[in-house]
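What you are looking at is a predicted structure, and each value in this text was computed from that prediction instead of being measured. The first residue in the sequence is number 1, and the count goes up from there. Scope of the values below: all heavy atoms of this structure, side chains included, with no hydrogens, waters or symmetry mates.
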Amino acid sequence: LKKMVESGVRKIEIGADFGPSHFPYHDAQAVTALRSFYADNGAEIYSVHSPYRGNFDEWDFDDISRLIEAMAAVGAKVLLLHFDVWGRAAWERGLETMRRLADICRPHGIWLSIETAEEMTHDSNFTDWFDFPEVGVCCDTGHAGAAYASWNTMSDWGYVAQTLASANGKLNHLHLSDVSTTALPRYNGDTALKPRHDHFSPGRGTSIWTTKFQCFKAMAYPGCFIFEIWSEDDERFERLAEFPERLVAGELGRGVV
């Protein structure tokens, strides 16, 4: 956390789906300590990844209420969801579930965001039934860019604009990362992980960042910029620290890894 703050990162997303080590939302004392830990380091918990998926029959609303109360206690703004609403039955159950979630979140000012990747029209149409930005969609540019293994779609300015336009102005959250046309190595401490194309720090791949941010500005994106980086090498902090200057200088997205 200290390294991230030194790199200019202030707002952090944590994962309730990763268990108590990330967000112990069943333990009020631990939640209070966690908020103090972030505040003491000059950061805040901005968003939380929900542990629940698209099978609405398995959702435990007593547990969800505890999760949202814990989010309110740490001052979190966004609850991120993997929300499967394909098909009429899932759509109808999804509407009911989202209404219940929105009712629980509204008193705390917490937004709900459905994580998606490429084409976002379907999820955007679903969120049309709710108030924005209370309910919206999250575009993961790592997933979107890696849709085709040998081609980073986020390196084509037209495709970037087309993809983000499919959100129809309903973006209320973002997962930003770079994508490489060749699989890059990853590390967790001294352990080498399986190489992958996506979820690298900005500048390690070929994504055109300027076009992305032009699109965010055009749709008056109301949230903050969350970088979801699945590489644990120290270089990621340097790249995040350099990101604003490199973006302004037009150095990002030229295909230089």
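Using a 4.5 Å cut-off between side-chain heavy atoms of Ile, Leu, Val, Met, Phe, Trp and Tyr, with links allowed through other members, W86 and I114 fall into different hydrophobic clusters. Cluster annotation: F56 is connected to W129 through the hydrophobic network of ILVMFWY side chains, with a link wherever side-chain heavy atoms come within less than 4.5 Å. Hydrophobic clustering, with ILVMFWY side chains joined whenever heavy atoms are under 4.5 angstrom apart, groups M120 together with L174. Residues I12 and W111 are members of separate hydrophobic clusters, defined by side-chain heavy-atom contacts under 4.5 angstrom among Ile, Leu, Val, Met, Phe, Trp and Tyr. Connection of I110 to V137 is established within a shared hydrophobic cluster, with ILVMFWY side chains joined at heavy-atom distances below 4.5 Å, either directly or through further cluster members.
The two residues T163 and E118 have their closest heavy-atom pair at CG2-O, 3.3 Å. Of all heavy-atom pairs spanning F227 and P202, the tightest one is CE2-CG, 4.0 Å.
Every residue two or more places apart in sequence or in another chain that forms a side-chain contact (heavy atoms from CB on, under 4.5 Å) with A30 is listed here: P24, D27. Judged as a side-chain contact (heavy atoms from CB on, under 4.5 Å), and not counting sequence neighbours, the contacts of D156 are W151, Y159. When the salt bridge (Lys or Arg N to Asp or Glu O under 4.0 Å) test is applied to D17, the partners found at least two apart in sequence or on another chain are R53. Here R196 pairs with D198 under the salt bridge (Lys or Arg N to Asp or Glu O under 4.0 Å) rule; sequence neighbours left out. In terms of the ring pair (Phe, Tyr, Trp, His ring centres under 6.0 Å) criterion, residue partners of Y52 (sequence neighbours excluded) are, by chain and number, W59. For H26, the ring pair (Phe, Tyr, Trp, His ring centres under 6.0 Å) criterion is met by no residue, not counting sequence neighbours. Checked against side-chain contact (heavy atoms from CB on, under 4.5 Å), E119 has the following partners two or more places apart in sequence or in another chain: T121, S166. Residues passing the salt bridge (Lys or Arg N to Asp or Glu O under 4.0 Å) test with E92 are R88, sequence neighbours excluded. Here W157 pairs with nothing under the ring pair (Phe, Tyr, Trp, His ring centres under 6.0 Å) rule; sequence neighbours left out. For D103, the salt bridge (Lys or Arg N to Asp or Glu O under 4.0 Å) partners two or more places apart in sequence, or in a different chain, are R106.
A donor-acceptor pair under 3.5 Å is formed between the side chain of H197 and the backbone N or O of S180. With hydrogens and angles ignored, the 3.5 Å screen pairs a side-chain donor or acceptor of T153 with a backbone N or O of A144. Within the 3.5 Å criterion, the main-chain N or O of T181 finds no donor-acceptor partner in the side chain of N152. Although no hydrogens or angles enter the test, the distance criterion places no donor-acceptor pair under 3.5 Å between the side chain of D131 and the main chain of E134. Listed for the T127 side chain is no donor-acceptor partner under 3.5 Å among the backbone atoms of G136.
Distance check: R204 CZ to S177 OG gives 12.0 Å after rounding to the nearest 0.5 Å. With rounding to the nearest 0.5 angstrom, the OH atom of Y221 is 13.5 Å from the SG atom of C215. L240 contributes atom CG, which lies 6.5 Å from atom OG of S7 (distance to the nearest 0.5 angstrom). Between R239 atom CZ and E235 atom CD the span is 4.0 Å, to the nearest 0.5 Å. In this structure, the separation between CZ on F216 and SG on C139 is 6.5 Å, given to the nearest 0.5 Å. In this structure, T97 OG1 and D57 CG are separated by 8.5 Å, a value rounded to the nearest 0.5 Å.
Here the side chains of W209 and M154 are not in contact, with every heavy-atom distance at 4.5 Å or above. Here the side chains of W230 and F200 are not in contact, with every heavy-atom distance at 4.5 Å or above. For the pair T141 and H175, the minimum side-chain heavy-atom distance is 4.5 Å or more.
More than 12 non-hydrogen atoms from other residues, nucleotides or ligands lie less than 6.0 angstrom from CH2 of W91. Within 6.0 Å of the CD atom in Q29, the count of heavy atoms belonging to other residues, nucleotides or ligands does not exceed 12.
When L252, V9, L176, V248 are each tested for a side chain to side chain contact (heavy atoms under 4.5 Å, CB included) with F243, only one passes: L252.
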Given the rule in the side-chain hydrogen bond (donor to acceptor under 3.5 Å, both in side chains) test, do D178 and S207 qualify, once you have shown the distances and angles that lead to the verdict? CA-CA 6 Å; D178 213 338; S207 298; 2.8 Å; yes
Candidate pair H199 and E228, rule side-chain hydrogen bond (donor to acceptor under 3.5 Å, both in side chains), full reasoning: CA-CA 6 Å; H199 286 82; E228 187 179 55; 3.0 Å; yes
Where do E115 and H173 land on the side-chain hydrogen bond (donor to acceptor under 3.5 Å, both in side chains) test, with the steps shown first? CA-CA 8 Å; E115 182 172 350; H173 196 53; over 6 Å; no
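Aromatic ring centres of F225 and F213: separated by under 6.0 Å. Proximity of the aromatic rings of H82 and H49 is defined here by a centroid distance below 6.0 angstrom, and this criterion is met.
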Please list every donor-acceptor pair under 3.5 Å in which a side-chain atom of residues 37-46 meets a protein atom from a residue at least two apart or in another chain.
from	atom 1	to	atom 2	distance (Å)
N41	ND2	F37	O	2.9
E44	OE1	K11	NZ	3.4
E44	OE2	K11	NZ	3.2

Using distance only, find each side-chain donor-acceptor pair of residues 64-79 under 3.5 Å and give its atom names and separation, not counting sequence neighbours.
from	atom 1	to	atom 2	distance (Å)
S65	OG	F61	O	2.8
R66	NH2	D63	OD1	3.4
E69	OE2	H108	NE2	3.4

